[in-house]
Number of protein chains: 2
Amino acid sequence: MTRTETAAATRRALVRAASDLLDEGGPGAVTLREVGSRAGVSRGAPYGHFENKDHLLTELAINAWNSLADEVEQTRTAPTPQARLEQAVLAFIGMARRQPHRYALMFSTPASTPAAAEAADRLERNFLALIADVVGEPDAPRWCALLMSSAHGIAGMELSGHLAKDKWQVSVEQLVRMLVNATRHP
Amino acid sequence: MTRTETAAATRRALVRAASDLLDEGGPGAVTLREVGSRAGVSRGAPYGHFENKDHLLTELAINAWNSLADEVEQTRTAPTPQARLEQAVLAFIGMARRQPHRYALMFSTPASTPAAAEAADRLERNFLALIADVVGEPDAPRWCALLMSSAHGIAGMELSGHLAKDKWQVSVEQLVRMLVNATRHP
DNA sequence: CACTTCATATGACGTTGTCAACTAAGCTGC
DNA sequence: GCAGCTTAGTTGACAACGTCATATGAAGTG
């Protein structure tokens with residue numbers, strides 16, 4: 001391996017280590033020392049690849065945005081526009097359930113870098129396209145704002161335990177159906 | 001002042017200092033050392049009143065929940081049930097705008113203590129009562145779950161900057177109106 | 001006044017993010 | 001193939017932090 005290749009590999013290993021630590025132990029477990037250690041380098045090595053701990057976390061957030069954008073993009077399999085939209089909303093909640101810390105990180109800070117903004121934009125474009133198929137082009141933006149917000153809200157309430165144990169006599173899946181159903185009445 | 005009185009005053013000063021620091025500089029600014037300093041005591045003093053830094057933060061969260069519950073409770077002034085509901089949803093968003101860090105703290109962790117759970121419950125009961133006036137008792141719980149989640153989602157999206165600068169050609173107030181309007185079509 | 005109790009103060013320890021200085025390995029041109 | 005530069009990586013150091021064990025002193029009690 002050439003020098004720049006090993007450097008790139010180290011960088012990938014650092015991101016991977018940080019991502020694993022976040023998933024396993026939450027934000028408090030992401031320590032530059034431990035990240036370096038898991039990547040097989042020393043505690044100071046990350047500073048050769050990231051200006052900051054924040055910059056490393058931002059990269060994790062970008063990956064999360066892209067991963068969610070991919071998932072929304074792959075709802076093309078569902079038969080009807082409503083079903084696709086339902087699946088897209090459930091993608092938010094599914095990610096929040098599977099990787100709660102990763103999901104929380106996405107929204108922990110305003111998209112600070114151009115790359116982060118672009119990743120978020122990609123998700124929003126995908127979502128917007130799905131919604132346009134349901135409510136039509138002109139109304140799509142407002143419904144997109146509302147449905148993404150609500151999807152995020154359901155995910156967040158689920159994360160913080162406020163939708164637990166049928167306190168509301170309703171499942172998250174039913175909530176999503178109610179939400180998508182609302183688009184049929186302008 | 002008797003001894004227990006001064007102790008209670010110190011405790012209040014600690015909570016107040018922590019609250020101020022949170023509002024002013026975000027969670028990173030809340031340092032036990034600085035909290036003690038602002039309350040006029042030393043860095044170790046908080047441990048006489050709170051087991052932990054987390055316990056102090058939990059108390060801040062409880063105060064936030066209660067404050068939001070109060071605000072929702074005071075929507076009785078609005079004329080129609082729909083207007084009251086709209087106002088309640090806007091209370092979430094208003095608090096997120098005025099005190100973003102405080103708002104984020106409320107949802108940062110599952111209600112860890114009985115006191116925190118009770119504070120959250122109070123808000124939920126108030127919200128539920130408002131909704132029952134709009135959709136009727138039987139459907140109130142599900143709509144409460146959906147509307148609180150959506151209110152929280154809009155607040156969160158606003159906080160993280162994803163509803164900024166009429167990217168969606170819609171104001172937050174219009175989003176809330178669309179949301180409340182959705183309750184009219186079961 | 002002697003004794004207890006308890007809020008507060010202080011010293012200490014381990015951990016963390018960060019930086020400056022250093023090392024060594026790879027790449028370049030001759 | 002060797003001298004010189006470039007650069008990824010290491011190490012020592014520092015300040016700030018949460019936390020605890022211990023010390024202190026004043027308020028309360030008999």
Side-chain angles (χ1 to χ4, degrees), chain A residues 1-62 101 104-105 108-109 112-113 116, chain B residues 1-62 101 104-105 108-109 112-113 116:
Chain A
M1 269 203 294
T2 161
R3 182 161 47 155
T4 58
E5 279 172 353
T6 62
T10 299
R11 197 193 139 97
R12 272 192 302 275
L14 288 169
V15 172
R16 172 62 175 273
S19 184
D20 288 351
L21 283 168
L22 179 66
D23 285 344
E24 292 167 17
V30 183
T31 290
L32 284 189
R33 283 164 157 85
E34 183 64 19
V35 166
S37 173
R38 287 219 188 181
V41 292
S42 77
R43 65 180 195 271
Y47 288 92
H49 301 272
F50 303 94
E51 189 177 329
N52 236 326
K53 183 183 182 181
D54 270 349
H55 282 61
L56 171 55
L57 292 178
T58 297
E59 181 130 341
L60 294 191
I62 292 173
H101 304 296
L105 179 65
S108 70
T109 171
S112 34
T113 74
Chain B
M1 266 199 297
T2 162
R3 182 157 49 153
T4 58
E5 281 172 351
T6 62
T10 299
R11 198 193 138 99
R12 272 192 302 274
L14 288 169
V15 172
R16 173 63 175 275
S19 184
D20 288 349
L21 283 169
L22 180 65
D23 284 345
E24 292 167 16
V30 183
T31 289
L32 284 189
R33 283 163 156 83
E34 183 65 20
V35 166
S37 174
R38 287 220 189 180
V41 292
S42 77
R43 64 181 195 270
Y47 288 93
H49 301 271
F50 303 93
E51 188 179 331
N52 236 325
K53 183 183 182 181
D54 270 349
H55 281 60
L56 172 54
L57 292 179
T58 297
E59 181 131 341
L60 294 191
I62 292 173
H101 304 296
L105 180 66
S108 69
T109 170
S112 35
T113 75

Under the side chain to side chain contact (heavy atoms under 4.5 Å, CB included) rule, collect the residues that match up with A104(A), sequence neighbours excluded.
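Side chain to side chain contact (heavy atoms under 4.5 Å, CB included) check on A104(A) returns nothing, list empty.
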Who are the side chain to side chain contact (heavy atoms under 4.5 Å, CB included) partners of R43(B), not counting sequence neighbours?
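Listed in chain order: R33(B).
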Does dG9(D) have its OP1 or OP2 closer than 4.0 Å to a side-chain nitrogen or oxygen of T10(A)?
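Indeed, a polar side-chain atom of T10(A) lies that close.
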If every non-hydrogen atom of [X] is compared with every non-hydrogen atom of [Y], which pair is closest and at what distance?
X       : Y       : answer
S112(B) : A116(B) : N-CB, 4.3 Å
A39(B)  : A17(B)  : N-CB, 4.3 Å
L105(A) : A61(A)  : CD2-N, 3.8 Å
P27(B)  : H101(B) : CD-ND1, 3.7 Å

Nearest 0.5 angstrom please: E34(A) CD to D20(A) CG, how far?
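If I round to the nearest 0.5 Å, the distance is 11.0 Å.
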Gap between atom OG of S19(A) and atom CG of L14(A) - 0.5 Å precision
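OG of S19(A) is found 12.5 Å from CG of L14(A).
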Within the 4.5 Å heavy-atom criterion, are L21(B) and V35(B) side-chain neighbours or not?
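Yes; the side chains approach each other to less than 4.5 Å.
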Could you state the atom-to-atom distance from CZ of R12(B) to C1' of dA7(C) in whole Å?
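Distance check: R12(B) CZ to dA7(C) C1' gives 15 Å.
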By a strict heavy-atom criterion of less than 4.0 Å, which residues belonging to residues 37-56 of chain B are in contact with DNA chain C?
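Here the set is V41(B), S42(B), R43(B), G44(B), A45(B), H49(B).
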Anything under 3.5 Å between a donor and an acceptor, one on a side chain of residues 47-58 of chain B, the other on a protein residue two or more places apart or in another chain? List them.
residue, atom, partner, partner atom, Å
K53(B), NZ, V30(B), O, 2.8
T58(B), OG1, D54(B), O, 2.9

Please give me every residue in residues 20-35 of chain B whose heavy atoms get under 4.0 Å of an atom in DNA chain D, ordered by residue number.
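Heavy-atom contacts with DNA chain D come from V30(B), T31(B), L32(B), R33(B).
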A correct 5'-to-3' footprint of nucleotides 21-27 of chain C, with B, S and - meaning base, sugar-phosphate only and no protein heavy atom under 4.0 Å, is -----BS
